[in-house]
Amino acid sequence: MSEEDRARITACPDGPLLVRGEFELLDTEGEPIPRKRRTVALCRCGLSSIKPFCDGTHKPAGFRTDD
Ligand code: FES
């Protein structure tokens, strides 16, 4: 696996977790969650209507993360 393929998780300030690289996303039953893109944004504000993905709701909701 190349360095570029390694999974990386980046916490966006006041926003989602960006996950890039090779990884598998599973639901609570252990079933794969299909994704269309190589990079996905996972909600961490809890308000998205398309969980586990971010739908941008964190912005109007004023979601804030600690420094
Ligand atoms: S982090 Fe974006 S909707 Fe929750």
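What you are looking at is a predicted structure, and each value in this text was computed from that prediction instead of being measured. Worth knowing before you read on, the calculation uses all heavy atoms, side chains too, and leaves out hydrogens, waters and symmetry mates. All ligand and atom numbering here is 1-based and tracks the order in the structure.
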Using a 4.0 Å cut-off to any heavy atom of [X], which atoms of ligand 1 qualify?
X     : value
Asp55 : 3 (S)
Arg44 : 1 (S), 4 (Fe)
Ser48 : 3 (S)

Open item on the list: In the structure I gave you, are the side-chain heavy atoms of Leu25 and Val19 within less than 4.5 Å of one another anywhere?
Closed with: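 No, every pair of side-chain atoms sits at 4.5 Å or beyond.
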
- [ ] Considering non-hydrogen atoms only, spot the tightest contact between Ala61 and Leu47 and give its length.
- [x] CB-CD1, 3.3 Å

Open item on the list: Using a distance threshold of 2.8 Å, state whether an N, O or S atom of Cys43 lies below it from atom 2 (Fe) of ligand 1.
Closed with: no

- [ ] Examine Val40 and Leu18 and state if one hydrophobic cluster contains both, with Ile, Leu, Val, Met, Phe, Trp and Tyr joined whenever side-chain heavy atoms are less than 4.5 Å apart.
- [x] no

Open item on the list: According to a hydrophobic-cluster definition based on side-chain heavy atoms being under 4.5 Å apart (Ile, Leu, Val, Met, Phe, Trp, Tyr only), do Leu26 and Ile9 belong together?
Closed with: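 No, Leu26 and Ile9 fall in different hydrophobic clusters.
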
Open item on the list: Using a 4.0 Å heavy-atom cut-off, which part of Lys59 comes near ligand 1: side chain, backbone, both, or neither?
Closed with: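 None of Lys59 does.
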
Open item on the list: Among all the protein's non-hydrogen atoms, which is closest to atom 2 (Fe) of ligand 1, and how far away is it?
Closed with: His58 ND1, 2.2 Å

Open item on the list: Please identify which of these residues, Arg35, Arg6, Arg8, Arg38, meets the salt bridge (charged side-chain N to carboxylate O under 4.0 Å, His left out) condition with Glu22.
Closed with: Arg38

Open item on the list: Can you tell me if, anywhere in Cys45, an N/O/S atom lies at a distance from atom 4 (Fe) of ligand 1 that is smaller than 2.8 Å?
Closed with: yes

Open item on the list: For Cys12, is there any backbone N or O sitting under 3.5 Å from a side-chain donor or acceptor partner on Arg44?
Closed with: yes

